[in-house]
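Numbers here simply count residues along the sequence, with the first being 1.
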Amino acid sequence: MQTPTYLAAELRLPTNWLDYTILGIYFVVVLGIGFAARRSVRTSLDFFLSGRSLPAWITGLAFISANLAATEILGMAANSAQYGVYTVHWYWIGAIPAMVFLGLVMMPFYYGSKVRSVPEFLLLRFDKWAHLLSSALFAFAALLIAGVNLYALSIVVEALLGWPKWVAILVAGAFVLGYITLGGLSSAIYNEVLQFFVILAALIPLAALGLKRVGGWDGLTDSLTKSHGDNFVTAWGGTGIGSANPLGANWLTIVLGLGFVLSFGYWTTNFAEVQRALSARNLSAGQRTPLIAAFPKIFIVFLVMIPGLVAAVLVPNIGTPHSKLQYNDAIPYLMQELLPNGMLGIAVTGLLAAFMAGMAANVSSFNTVFTTDIWARYVVRDREDGYYVRFGRLITVIGVAVSVGTAFLASSFSNIMSYLQTLFSFFNVPMFVVFIVGMFWKRASMKSGFWGLLAGTTAAMVNYFVFYKQGIVDIPTDQGANFVSAIAGFVAGAVVMVVVTLFTAPKPADELQGLVYGTRSPGMEEPPAKGDDAWYRRPALLGWGAVVLAAACYIPFSI
């Protein structure tokens, strides 16, 4: 049983008028972007996918910023304070290869088929039952994850600034609601680009000052080795099968559970991310979107890992009953200890920007899926385009309201990353196995999509709630249990898809064009734009360059 999530009351920050001025300016700019983007919203395609008109560098930065939320800031710093340098696996194995795969392999299917959402692809490849189930599961998961960001934001603001939790929730929710309902996805994306730079401005000085406090990298690793052991400061130490390590996982579950199943399940089927690539102006820009995002992703790990490691040195018992600080307190604690006024205002703004970016990404993807995949297809069909824009704004209001309610479901986890990874193993992994089987196996039948998705989701939940929580299978940590749940969901989904396919009819071959590997669609035959022969416009070169660089980063942590 996890200790409830909270931030220690002792973490109140000494903010002054300068810090509040910086925060106020940021919120004014955010709403200003929303009002400016409103002028470009004329159709439902404008509202839900920015009219497919944005350049690759904009969508690439928005792609990475949408992920820079509770997962990255509090969650990954908490991961580092609890598990040490093993955190690098969530980036160099658990993100980069999947982002490259999305750009090189899956974006031609998504963009070429002209779908407006990830679940809509399942409608084209399988049938309406797979589409309806995936839409419902994604919409539910999006609100749960949006709630994580809103809850994390509220407890940070309450502890750091002294605002009551309900005030923090209402203020943050109102601002996210305001700029999304005004300008739709374009507003969310342009704000995410701004938020990306604000977040970096907050994290870079925090990591640098933290290293200075503990005597640089050598001082940091020496202190952690003495207090936590050698494995705490290595990427692969102690990960042999049967060996003990802080993460509670071996190399096989790391590579298969995190590096393949969880990673590919999240980055290739999570519409909150894919939606940014679908808003790009053409297929080439759509492919480059996750590849451009992969390069900053390689280095962001240091900005979130170092504060967690520093906190583990300065508060040796953090996260244990002997300390008042939980793992999620790592970033706020260092902000209190290290940052002067002015820089403190930037850091608070960056932290709030991160949570708002994560919430906005999930709310904007939720309103798209609910409006286009559920409401317009199964409830109210064939209405004028303006009706769906108005309904999209209405469902955004409802989505934010529900997120407020789901926020408190995260309160049983002292490490927010554990909660998010649990959700990903339940919802993203089963969807990934259905996608990957459907894309690479022409024979996969129409009915297999629904049953594979249902079996994968059920298997992941049974492993977590029954085998792990009831102690039937001994798994040392929540993260280790998440890796095993992901593998169980993937295997169950794949096996059920094969079995169902053997007894049901395949989809007609002429309906699979552009939906299965080896077939083509008009969108995939799009000629390159003028100048697309430049090195940075070659998706394969960009993608494999990111993989090689990420692999090279492992060397210092593996010796």
As an exercise, state the distance from CG of L224 to OG of S80, rounded to the nearest 0.5 Å.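 If I round to the nearest 0.5 Å, the distance is 10.5 Å.
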Looking at side-chain heavy atoms only, is the closest gap between [X] and [Y] below 4.5 Å?
X	Y	value
M99	L291	no
Y110	T269	yes
L258	Y86	no
W236	H89	yes
Y91	M305	no
N67	E273	yes
K297	W267	yes
I93	S263	no

With a cut-off of 6.0 Å (strictly less than), are more than 12 heavy atoms of other residues, nucleotides or ligands near CH2 of W217?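 Enclosed: over 12 neighbouring heavy atoms sit under 6.0 Å from CH2 of W217.
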Assert yes or no for the condition that the ring centre distance of F490 to F260 is strictly below 6.0 Å.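 Ring centroids of F490 and F260 are less than 6.0 Å from each other.
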Of D373, L143, V369, V118, which is the lone residue that meets side chain to side chain contact (heavy atoms under 4.5 Å, CB included) with F138?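 Of the listed residues D373, L143, V369, V118, the side chain to side chain contact (heavy atoms under 4.5 Å, CB included) partner of F138 is V369.
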Would you call the rings of F264 and F432 parallel, tilted or perpendicular if under 30° counts as parallel and over 60° as perpendicular?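 Tilted: the ring planes of F264 and F432 meet at 30° to 60°.
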